[in-house]
Asks: 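Here you go, one structure.
Worth knowing before you read on, the calculation uses all heavy atoms, side chains too, and leaves out hydrogens, waters and symmetry mates.
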Amino acid sequence: QVQLMESGGGSVRAGDSLTLSCAASGRAFGRYAMGWFRQAPGKEREFVAALRWSGGHTYYADSVKGRFTISRDSAKTTAYLQMNSLKPEDTAVYYCAADTTIITSQLTNPGAYDYWGQGTRVTVSS
């Protein structure tokens, strides 16, 4: 069993930065993939970024590429999402997710992840 806990959400102005954290516990993370997803009101959950725990390969949605950075601290088993140049359309509840068996082509699919955090809200005002 894996437990994920997000933190770091808040209300900011357009152009500001925010860093989200996802603290993981319960199992060794050598084979895990971690993903960040977001869900705005009335919209489906969408992929934001993902990372292979071993090797650190990263993947991004086009909408956040160049502005967001996903990273990990292996010693703390914590994943981060550094969000720069935030826009009002980034407003959503952000979730981290984890899985041990997910293949690269499924990293953007929320249904492919077994473990989820409770979410943290990010609000960006213009």
Asks: From W53 CH2 over to D99 CG, what is the distance, rounded to the nearest 0.5 angstrom?
Replies: 14.0 Å
Asks: Compute the ring centroids of F47 and W36, then answer whether they are less than 6.0 Å apart.
Replies: no
Asks: Ignoring hydrogens, what is the shortest heavy-atom contact between S17 and S85? Give both atom names and the distance.
Replies: OG-N, 4.3 Å
Asks: Do L20 and M83 have side-chain heavy atoms sitting under 4.5 Å apart?
Replies: yes
Asks: Is any side-chain heavy atom of T104 closer than 4.5 Å to a side-chain heavy atom of Y59?
Replies: yes
Asks: Using the ring of Y80 (Phe, Tyr or Trp, six-membered ring only), decide whether R72 places NZ or CZ under 6.0 Å from its centre and within 45 degrees of its axis.
Replies: no
Asks: What I want to check is whether the side chains of T78 and D73 have a donor and an acceptor closer together than 3.5 Å.
Replies: no
Asks: Would you say E6's side chain and C22's backbone share a donor-acceptor pair under 3.5 angstrom?
Replies: no
Asks: Given 3.5 Å as the limit, does a donor-acceptor pair link the side chain of S21 with the main chain of S7, or not?
Replies: no
Asks: Nearest 0.5 Å, please: how far is OG1 in T100 from OH in Y32?
Replies: 5.5 Å
Asks: How long is the span from the CZ atom in R67 to the NZ atom in K65, to the nearest 0.5 Å?
Replies: 12.5 Å
Asks: Report yes if some heavy atom in the side chain of V122 is under 4.5 Å from a heavy atom in the side chain of L18; otherwise report no.
Replies: yes
Asks: Would you say the side chains of T58 and R52 form a donor-acceptor pair under 3.5 Å?
Replies: no
Asks: Measuring from atom CZ of R121 to atom CZ of R38, what distance do you get when rounded to the nearest 0.5 angstrom?
Replies: 14.0 Å
Asks: I'd like to know if L51 and I102 are part of one continuous hydrophobic network [Ile/Leu/Val/Met/Phe/Trp/Tyr, side-chain heavy atoms within less than 4.5 Å].
Replies: no
Asks: Quick check: is V93 connected to V48 through a chain of hydrophobic side chains (ILVMFWY, heavy atoms under 4.5 Å apart)?
Replies: no
Asks: Would you mind reporting whether P110 and W116 have side-chain heavy atoms less than 4.5 Å apart?
Replies: yes
Asks: Give me the atom names and distance for the closest heavy-atom approach of A98 to L4.
Replies: N-CD1, 3.7 Å
Asks: Please name the pair of heavy atoms, one in S125 and one in P88, separated by the smallest distance, quoted to 0.1 Å.
Replies: C-CG, 4.5 Å
Asks: Do I70 and Y60 touch side chain to side chain, with heavy atoms closer than 4.5 Å?
Replies: yes
Asks: Should the pair D90-K87 be classified as a salt bridge under the 4.0 Å nitrogen-to-oxygen rule?
Replies: no
Asks: Is the number of heavy atoms from other residues, nucleotides or ligands within 6.0 Å of CD (Q118) greater than 12?
Replies: yes
Asks: Examine distances only and state if a side-chain atom of Y113 and a backbone atom of L107 form a donor-acceptor pair shorter than 3.5 Å.
Replies: yes
Asks: Less than 4.5 Å apart, any side-chain heavy atom of Q82 and any of S71?
Replies: no
Asks: Mind checking whether F68 and F37 sit in one hydrophobic cluster, side chains of I, L, V, M, F, W, Y counted as touching below 4.5 Å?
Replies: no
Asks: Could you walk me through whether L81 and T69 satisfy the side-chain contact (heavy atoms from CB on, under 4.5 Å) test, starting with their C-alpha distance in whole Å, then the side-chain angles of each, then the deciding distance to 0.1 Å, before giving a yes or no?
Replies: CA-CA 6 Å; L81 185 68; T69 302; over 6 Å; no
Asks: With a 4.5 Å heavy-atom cut-off, do Y95 and Q39 have their side chains touching?
Replies: yes
